[in-house]
Amino acid sequence: LGLQGLNTHLTLNFKNKIFCRPSGITMLSCLYYNKKDLLTIKYTNSDFIRYLSRINFFYNLNIPNIEENFKRQDATANMLECTKIEKDGDPDLIDDKLNKILKSHIIGKKNLILGILLTTYEIVDNILEHSMCNDFVKGDRIIDNPGFVSAQYYPKYNEIEIGISDLGK
């Protein structure tokens with residue numbers, strides 16, 4: 001996306017739902033985390049802001065002045081909130097949460113679930129290994145430029161979208 005070289009001020013105006021799917025939310029999370037000094041966030045659509053709050057977008061990024069004006073309900077069978085990948089153990093956490101979603105919605109296809117989990121685990125683990133480039137030391141996997149993972153099951157379409165983004169080296 002060329003976001004590492006971004007050096008101009010941007011205003012993100014949340015008046016529509018451009019970033020409301022896991023891939024958009026994780027990409028936006030990486031952008032904000034790494035370039036927050038260049039970004040201004042504006043919004044008028046409170047439903048969209050509630051959705052981003054529910055998926056932990058603002059919580060992960062420590063964005064101030066966003067109130068949670070909704071009742072949190074357990075949606076773990078359908079949603080993996082936007083989760084920061086920055087240390088050892090995070091790939092296992094993602095694997096456990098994603099496994100719950102997949103098992104809830106993909107019945108009788110254990111090999112498909114296993115394939116999705118193995119692929120996702122490898123990608124998430126690569127965020128830790130390759131984000132630091134030559135600075136990576138096994139056993140000391142805490143990175144400065146975290147990645148983000150999010151997933152959502154859409155019952156209307158019977159599909160699961162997994163979004164994974166990082167801006168590491």
Side-chain angles (χ1 to χ4, degrees), residues 1-14 17-43 48-68 72 74-76 78-102 115-153 160-169:
L1 295 172
L3 299 176
Q4 276 294 36
L6 180 69
N7 59 6
T8 187
H9 191 81
L10 294 175
T11 298
L12 300 174
N13 192 346
F14 291 116
K17 298 181 180 183
I18 294 170
F19 295 106
C20 70
R21 294 188 63 104
S23 55
I25 290 167
T26 57
M27 190 278 298
L28 183 59
S29 298
C30 280
L31 174 63
Y32 187 84
Y33 189 87
N34 289 286
K35 302 294 182 179
K36 62 183 153 219
D37 55 326
L38 296 174
L39 299 176
T40 301
I41 293 180
K42 295 181 179 181
Y43 62 92
F48 181 52
I49 296 304
R50 257 196 307 278
Y51 176 75
L52 287 176
S53 292
R54 172 62 188 96
I55 202 158
N56 285 345
F57 174 77
F58 300 108
Y59 172 79
N60 281 330
L61 303 175
N62 296 319
I63 297 175
N65 303 322
I66 303 291
E67 293 183 29
E68 284 195 4
R72 281 198 178 262
D74 184 17
T76 55
N78 291 341
M79 176 189 294
L80 167 62
E81 290 95 347
C82 191
T83 304
K84 195 183 302 183
I85 305 302
E86 60 186 344
K87 64 188 179 310
D88 267 332
D90 289 344
D92 294 321
L93 174 70
I94 297 300
D95 198 49
D96 289 343
K97 289 181 174 184
L98 188 56
N99 190 21
K100 184 176 181 181
I101 295 169
L102 294 172
I116 293 170
L117 290 173
L118 288 172
T119 302
T120 304
Y121 186 92
E122 182 66 25
I123 293 169
V124 171
D125 192 59
N126 279 345
I127 291 172
L128 295 175
E129 284 198 35
H130 299 294
S131 178
M132 299 296 284
C133 203
N134 293 332
D135 301 332
F136 171 74
V137 178
K138 196 93 172 155
D140 184 29
R141 298 193 320 169
I142 299 175
I143 58 177
D144 296 329
N145 295 325
F148 292 86
V149 177
S150 180
Q152 176 80 46
Y153 172 71
I160 296 171
E161 181 177 321
I162 302 167
I164 303 172
S165 294
D166 73 282
L167 293 178
K169 296 178 184 176

Do you know which of [options] makes side chain to side chain contact (heavy atoms under 4.5 Å, CB included) with [X]?
X	options	answer
V124	L98, D92, V149	V149
L80	D96, I94, L93	I94
I123	T120, N126, T119	T119

With sequence neighbours left out, what residues match [X] under side chain to side chain contact (heavy atoms under 4.5 Å, CB included)?
X	value
D95	L117, Y121
E161	R21, P22, S23, Y154
L118	L114
K84	Y33, E86, P146, F148

Looking at CD1 of I25 and CD of Q152, how far apart are the two atoms once the value is rounded to the nearest 0.5 Å?
-> 8.0 Å

To the nearest 0.5 Å, atom CD1 of I127 lies from atom CG of D166 at 4.5 Å

Looking at side-chain heavy atoms only, is the closest gap between L102 and I116 below 4.5 Å?
-> yes

side-chain hydrogen bond (donor to acceptor under 3.5 Å, both in side chains) involving T26 - partner list, sequence neighbours excluded = S165

What residues, two or more places apart in sequence or in another chain, satisfy side-chain hydrogen bond (donor to acceptor under 3.5 Å, both in side chains) together with S150?
-> none

Is a donor on one side and an acceptor on the other found under 3.5 Å between the side chain of D90 and the backbone of K87?
-> yes

Atom of L167, atom of N145 and distance for their closest heavy-atom approach | O-ND2, 4.3 Å

